[in-house]
Each structure stands twice: as C-alpha cells, then as structure tokens.
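What follows is a short report on a single structure.
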Amino acid sequence: MSLLITNARPYGEDAVDIRIEDGRIAAIGPGLEADGAQVVDAAGLVALPGLVDLHTHLREPGREDAETVETGSRAAALGGFTAVHAMANTDPVADTAGVVEQVWRLGQEAGLVDVVPVGAVTVGLRGERLAELGAMADSAARVRVFSDDGHCVADPALMRRALEYVKALDGVVAQHAEEPRLTVGAQMNEGDRSARLGLVGWPAAAEEAVIARDVLLAGHVGARLHVCHVSTAGSVDILRWAKSRGVQVTAEVTPHHLLLTDECAETYDPVFKVNPPLRSDADVQALRAGLADGTIDAVATDHAPHAVEDKESEWASARPGMLGLEQALSIVVQTMVEPGLLDWRGVADRMSVRPAAIGRLDGHGRPLAVGEPASLLLLDPTHRATVDPAALASRSRNSPYAGRELPGRVVATFLRGTATVLDGKAQK
Ligand code: DOR
Ligand code: ZN
C-alpha cells in the first residue's frame, strides 16, 4: 500500500510531499505524483519522527481496570508515539522472560505502537536480589532497559552488580532515584509550602544523593546509567558534572515536571500527587534549561494511570502518578518550543532520537529521509484545545491538565507506513 502525504513541513521546515511505500519513506520533495496512492493533506502540519517514550506504565498484567496494553497503546498513538517502554511494576512484576514476553505479545496484538517491555532489576522489585536479566534480554521481548521504577535500587552493592550485568547485555539501568530513608511518609516537595500545608516533605537531597552515588558507580563500572524523571535543579547540576567527566549517564524529565510546580499541592487535589513530587519554580526553570542544553537527554512521560478509587481519596492515601501520553507533546510545545528553548529538530532529538538510542531500539528515532521506516507524526502546532479527561483514550482519568488550554494537536501518526491515528482519531 502506498501513501502520499502532501505539503508537510519536516522538522518545521519548507513544505514537501512525502511518499510512503511498503512501510518506508520512498521519496521526499515538492510536487510528487499521487500515482494511485492514498493522499493525506498535511498543509500547515509539522512532520516529526514518531515519538519514543522511555517510561510508560501500562498496568497490564494486574491492573487492567486502570490501563491495558491496548488502551495505553491507543493513548500513545494519539500522542504521536510509535514506541513506548512498558514499566516493570505490574502484577506480577515483569521480572522474568515469561512476563516480558507476555507484555510484548499484547503490544504486538494491539498493533498501535511498538510496546517494548522494561525488565525489573530485582526480583519482585524488592531490592534484594537481581532478576533474570539475561533471560529477559534474550527473550522475544529483547529487553535492554532494566528498572525497578516505583522503587529505587537503594542498596549500592546491588546497584553495582546490576550495572555490571547490564553492561554485558548492552543494556541500561534506569534508576528511580529516591533514597528511601529520606522519604519515609513523604507526600510532596519539602519546603516552606510542605511545612505550611502540614504534609511530610520529600527533600531534593533524596533524589540528588542517589544520582550522585550512581554516576560514581556507573563511572567506576563503565556501564550505562539512565536517570528516570529528574525533578530538581541540583540533579541537573550533578548530571552536567558527570557528563563532563565522561560518565555514560543519560536522563529524562517528565512533561509534568516541565510545567507544574508544588503550588498545585495547595489544592489538596490528589491528581497532583506524584513521585518524585512537583517541585519549585526554580527547579522547573533548571529542568527546562537542562533539557535545552542536552544535559537532560529525553522527555519521558511517566504516564501513570490509576483507577478512580486509588486517586480520588484524601491526599495522603492517594497513589502517586499522573497521565501523560496524550498531552506530552503539547506540554513540550508550550514549555520548550513556544519560549524558544527548543526548535523542532530539538523536539525530535529529545522525544525520538535520543530515547530510541537509550533503549537500543531499531527502526525508531530515525531521520525523516528516503529509505527510513515511515514511523512519523503530523502535528498542527497552532491548534489549541482544552483538555477534557473524559475524552482521553486512557482507561484512567487522572490527568493533571484537565481544563487547561494547550497548544498542538497530533493529527496523524504512522507506524511503518500504517496510519495508527488519522484526523486525530485512533484507527483501531
Ligand atoms: O508517581 C509515580 N507513579 N511514580 C513512580 O515512580 C511510579 C508511578 C506508578 O507506577 O504509579
Ligand atoms: Zn519512578
């Protein structure tokens, strides 16, 4: 099947036609002939490589009431993603070849994005002994990213061993950096505001201490380390220092940490409860600057769907986490593109190229060029709409952006030449 996308602007540059044949980009240029191909009018739309998420909670197996691989895949495609890494904190935990293969297969069946399972670092995420890392790497799921996300690999000796094993697998440990002894009972960012609201604080040092420790370990072992959801200015400084010393460390920031601050906690609305917590305005500015200068490599959603009963309770008993897939690109447009901190090539780099490289994904994060897989999205950057949680494809409703007007609408997403989203609607 062939397709002709007309008048699209690759990376926001001059309008061209893009011809797709057999899942690949066959030609790019002005005035291409349709030759019987299905035509998609992309006048005014920016074309970008399909987005890659390093951090998605799909909740299957175990909490299919909150999300399934299929509903999460649909949310991802609508957000412009063509690949997502499915976090391991499912029930059962994705700590064996059997579970990661199950998640991978469910992704293939849904067929909307490439679902790439993350393997747990430790058995049951308990932080006591290493999981079957090699078996997961060798499985059909080809696991390369290992993470106990939701929990920190807190024991430094175990973290060192994990780095050693994962290095041999050409993989990466994605660390949820949180020193657990410093966050017992923590509910929000520690500062004047937590004191005033009477909520136990989560100090920046609990994140920064683990990142500092782990970049030293990664440097010592010569292994790759990836830091999940960096949330503080101090973390950005440590990462900058580590990179300047040649440590193989990469890092991600979430859309919510680029936009929201701990001021949201004043509402006591648990939709704003997340781990790590929303921080100060100075942290937000440092995260944006770190993403702009490349100290932070990637935007990753930490899409964390939760069932109503787990979220609509009092703040202290609500689960941490918020939705992200469907609004991630809009948040990046608002916080990075509109203020001039990133251009469209920068967006492609931080949301597709670098995350694909970190996850060692073939066929994603590729340039929009002849011969490459036709996995791309079309964005209307000028369209503005108000987020209505009831209209989301996710099975959960815990969007922190409800009622906000955001820029940017994903009009179409293509996975290897097949439209997964067209006219803003999922095709399955
Ligand atoms: O807020 C969070 N939610 N942070 C995490 O690390 C885990 C996630 C979840 O699984 O809900
Ligand atoms: Zn986490």
Side-chain angles (χ1 to χ4, degrees), residues 53-69 72 75 84-95 103 117-122 124-125 127 145-154 159 172-180 183 186-189 202 206-208 210-211 214 225-232 235 251-257 260 262 264-265 269-279 296 298-313 315-325 328 394-400:
D53 195 10
L54 281 166
H55 194 145
T56 311
H57 296 277
L58 291 178
R59 304 297 188 218
E60 188 173 4
R63 284 308 300 263
E64 292 83 354
D65 56 326
E67 196 79 286
T68 65
V69 171
V84 300
H85 287 77
M87 270 299 169
N89 64 338
T90 48
D91 183 11
V93 170
D95 58 3
V103 172
V118 173
V121 176
T122 70
L125 309 176
V145 180
F146 296 88
S147 182
D148 274 5
D149 182 64
H151 301 268
C152 183
V153 181
M159 183 62 181
V172 64
V173 178
Q175 176 70 294
H176 170 117
E178 172 181 359
E179 168 46 58
T183 59
Q187 295 292 330
M188 66 172 290
N189 181 42
W202 202 124
E207 173 173 310
E208 294 157 7
V210 171
I211 297 176
D214 285 355
L225 166 72
H226 178 74
V227 184
C228 295
H229 42 52
V230 166
S231 72
T232 79
S235 296
E252 68 189 36
V253 61
T254 68
H256 47 272
H257 289 109
L260 305 174
D262 61 359
C264 294
D269 182 343
V271 79
F272 299 114
K273 182 174 173 179
V274 66
N275 201 10
L278 301 173
R279 303 285 189 184
I296 297 174
V299 175
T301 66
D302 197 3
H303 178 83
H306 285 297
V308 171
E309 66 271 24
D310 291 326
K311 214 50 191 165
E312 288 181 10
S313 60
W315 182 283
S317 52
R319 298 255 175 104
M322 38 183 68
L323 301 184
L325 286 169
S394 172
R395 188 162 276 184
S396 291
R397 293 290 166 261
N398 55 308
S399 171

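Indexing begins at 1, ligand by ligand and atom by atom, following the structure's order. The basis for the numbers below is simple: all heavy atoms, side chains too, and nothing from hydrogens, waters or symmetry mates.
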From CA spacing to verdict: salt bridge (Lys or Arg N to Asp or Glu O under 4.0 Å), Arg63, Asp310: CA-CA 11 Å; Arg63 284 308 300 263; Asp310 291 326; 3.0 Å; yes
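Between Pro276 and ligand 1, no N or O atom pair is found at a separation short of 3.5 Å. In terms of polar-atom proximity, defined here as any N/O pair under 3.5 Å, Val274 makes no such contact with ligand 1.
Under 2.8 Å from the Zn ion (ligand 2) lies no N/O/S atom of Cys228, from backbone or side chain alike. Not a single N/O/S atom of His55, whether from backbone or side chain, sits less than 2.8 Å from the Zn ion (ligand 2). Here Asp149 reaches the Zn ion (ligand 2): one of its N/O/S atoms is less than 2.8 Å from the metal.
In summary, the side chains of Ser394 and Glu67 do present a donor paired with an acceptor at a separation below 3.5 Å, with no hydrogens or angles considered. With 3.5 Å as the limit, one finds no donor-acceptor pair spanning the side chains of Asn398 and His306. Side-chain contact check for Asp302 and His57: at least one donor-acceptor pair (N or O, by modelled atom type) lies under 3.5 Å. In this structure, a donor-acceptor pair under 3.5 Å is absent between the side chains of Trp315 and Asp269.
The closest approach between any non-hydrogen atom of Arg319 and ligand 1 is not below 4.0 Å.
Every atom of ligand 1 is numbered from 1 in the order shown, and the set under 4.0 Å from a heavy atom of His306 is 11 (O). Interface atoms of ligand 1 facing Gly321, defined by a heavy-atom separation under 4.0 Å, are 1 (O), 2 (C), 3 (N).
Rounding to the nearest 0.5 angstrom, the gap separating the CG atom in Leu58 from the OG1 atom in Thr68 is 8.0 Å. The distance from the OG atom of Ser147 to the CG atom of Leu125 is 8.5 Å, given to the nearest 0.5 Å. With values rounded to the nearest 0.5 angstrom, Lys273 atom NZ is found 10.0 Å from Arg319 atom CZ.
The nearest heavy-atom contact from the protein to atom 3 (N) of ligand 1 is Pro320 O, 3.1 Å. Looking from atom 8 (C) of ligand 1 to the surrounding protein, the closest heavy atom is His57 NE2, 3.7 Å. At the top of the distance list for atom 10 (O) of ligand 1, counting protein heavy atoms only, stands Asn89 ND2, 2.8 Å. Atom 11 (O) of ligand 1 has its closest protein heavy atom at Arg59 NH2, 2.7 Å. Nearest protein heavy-atom contact of atom 4 (N) of ligand 1 is Asn275 O, 2.8 Å.
Checked against Arg59 for a side-chain contact (heavy atoms from CB on, under 4.5 Å), the options Val69, Asn89, Asp65 give a single hit: Asn89. If you run ring-ring contact (aromatic ring centres under 6.0 Å, His included) between His55 and each of His257, His229, His85, only His229 comes through.
If you look at Met87 next to ligand 1, there are no close heavy atoms at all, none under 4.0 Å.
Rounding to 10 degrees gives 100° for the angle at the Zn ion (ligand 2) between NE2 of His229 and ND1 of His176.
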